[in-house]
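Given the structure is predicted, the values throughout are model-derived calculations rather than measurements. Within every chain, numbering begins at 1; the chains are lettered A, B, ... in the order of the sequence lines, protein sequences first and strands thereafter.
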There are 2 protein chains.
Amino acid sequence: MAQIRGARGSRAKASVRSATKSKTREPRVATASVEGSSSTEARLLDCALTIFAEKGYSATSVRQIIDAAGVTQPTLYYYCDDKADLFKRLVRQKYEESHQQLDSVLQQIDGCEERLRTLVRRSFEYCVADPRIPRLMFQTYFGPPIEGIAEFLDELTATRFALVTRLMRDGMKSGELKRADPEFLALSFCNLMDQPINLFARMSHPKRYLTSKLADAIVELFLRGGG
Amino acid sequence: MAQIRGARGSRAKASVRSATKSKTREPRVATASVEGSSSTEARLLDCALTIFAEKGYSATSVRQIIDAAGVTQPTLYYYCDDKADLFKRLVRQKYEESHQQLDSVLQQIDGCEERLRTLVRRSFEYCVADPRIPRLMFQTYFGPPIEGIAEFLDELTATRFALVTRLMRDGMKSGELKRADPEFLALSFCNLMDQPINLFARMSHPKRYLTSKLADAIVELFLRGGG
DNA sequence: TTACCAACCTAACGACCGTTAGGTTTCACG
DNA sequence: CGTGAAACCTAACGGTCGTTAGGTTGGTAA
């Protein structure tokens, strides 16, 4: 099992497999969309995302994925080590994409309230843009533990929790927030933000639910309370 | 399929099966604990709860349950229609137990803030008393949808959401809460209350996490905000 | 004594699962 | 042209799953 490495660690079928690195296979042409015309690997990842999000990781069989992608099972195993690796690749990519952007945007903003507002609004936008991602992530994170997956998700979500905790600490330092346990505040805020997303993702994603109005209402409730 | 009925709807193996009612099998003696000495049915239910809570509904096989209970597979199918029926029986019983008590206690209390405080405190107490129950319920509710189970849980949790919504409406009527969408407030409050429970249930349930101090902090944050 | 039924059992059934051994095709490169 | 590797394929492997057909037992009622 080696170390926790940032690298993908797939491929290299017939070779030694003891090497932890193993270079990443990149598509020969830079394809944009994920239609039937795109690369096999991209199609596999996208179909996997769709079906994983719909039925959950465990209830999705690799056969369903390869059927949707129009390939056979060994093809899937050519591109990833196993089902878990497929999932991790998928989620890590999507997560880091949004997380890094969110992080850099927040650093350019002053004031706790405005930061929180931006955090919620941006998160909502990401989720509306592709509801499969939050649906898969929340379902898997809050669902029954899956060996090799649960720890991976814990690690991912910890980085976001750390970000929010930092926001809370800063808010307390600047006097915008009352003195309190920053982790309690961060957890509470994440709950207020995440569960509407979760609700949205597991319904038939009505277009007008995750609005910026709702985002602001959440921040308002968090800061000023409902009483 | 038939209608949505309150009754259990198990048993009646070789008989017609079209009858929706079917009387409930009660143990011949009233056994208290769930040791090896109690009735087979109670032992099955308790073992099912333990393993379902630990690994989730789908990842739990009936073989694991009957092994833990010390019986064979046909015995399990003698007491319930199938795996889903076993789960529903389990959850319905535990849920209604706590929900009814909670409901009646809340009706004897005046004042929104005191009611909310009691709601959270009591919920915490239930969860500390047997963490398997919230763990199983949240895991299954927030996890990937399971045919025949998801709708069942939606129905159950809707009753509690209605209760909380009523509290919010009353609070707004009495002026203790600002005018706002009562469902938004109810959802937000449930999030603030449930996720710490969820966190507690999926960790190794540290004795001193779901304290009445945390309960009060949640109500305080909900009413007065963190800003 | 006999008949019956609740309460269990042994032993399988068929379906599906993740994974892989061992090909074949295509094509860039020498 | 020949070689080799990338990108796929057919066809299975062994295992686990939920469920059940068809017993056996032991006590109770007629």
How many whole angstroms separate atom [atom1] of [X] from atom [atom2] of [N]?
| X | N | atom1 | atom2 | result |
| --- | --- | --- | --- | --- |
| B:Leu86 | D:dG18 | CG | C1' | 13 Å |
| B:Asp81 | D:dG18 | CG | P | 16 Å |
| A:Arg43 | D:dA7 | CZ | P | 13 Å |
| A:Ile149 | C:dG18 | CD1 | P | 12 Å |
| B:Gln73 | D:dG18 | CD | P | 8 Å |
| B:Leu76 | C:dC8 | CG | P | 12 Å |
| A:Asp82 | C:dT20 | CG | P | 8 Å |

Interface residues of residues 49-69 of chain A with DNA chain D (non-hydrogen, below 4.0 angstrom):
A:Arg63
Is the phosphate of [N], meaning OP1 or OP2, less than 4.0 Å from a side-chain N or O of [X]?
| X | N | value |
| --- | --- | --- |
| B:Thr40 | C:dC8 | yes |
| B:Tyr78 | C:dC8 | no |
| B:Tyr77 | D:dT19 | yes |
| A:Tyr79 | D:dC8 | yes |
| B:Thr72 | C:dC8 | no |

With rounding to the nearest 0.5 Å, note down the distance linking CG in B:Asn198 to OH in B:Tyr141.
12.5 Å
Side chain to side chain donor-acceptor pair (under 3.5 Å) partners of B:Arg115, counting only residues at least two apart:
B:Asp170
I would like to know whether B:Asp194 and B:Arg160 meet salt bridge (charged side-chain N to carboxylate O under 4.0 Å, His left out); could you show each step before the answer?
CA-CA 12 Å; B:Asp194 287 345; B:Arg160 196 195 58 153; 2.6 Å; yes
Set of residues satisfying salt bridge (charged side-chain N to carboxylate O under 4.0 Å, His left out) with respect to A:Asp67, sequence neighbours excluded
none
All heavy atoms of B:Gly143 vs all of A:Arg202, minimum pair found to be O-NH2, 3.1 Å
Let's go through B:Arg132 and B:Asp46 carefully: what are the C-alpha distance in whole Å and the side-chain angles of both, what is the deciding distance for salt bridge (charged side-chain N to carboxylate O under 4.0 Å, His left out) to 0.1 Å, and is it a yes or a no?
CA-CA 10 Å; B:Arg132 297 176 303 171; B:Asp46 194 70; 3.2 Å; yes
Verify the distance criterion only: is there a donor paired with an acceptor across the side chains of A:Thr159 and A:Tyr95 at less than 3.5 Å?
yes
Choosing from D:dA12, C:dC9, D:dT10, which nucleotide comes nearest the side chain of B:Thr75?
C:dC9
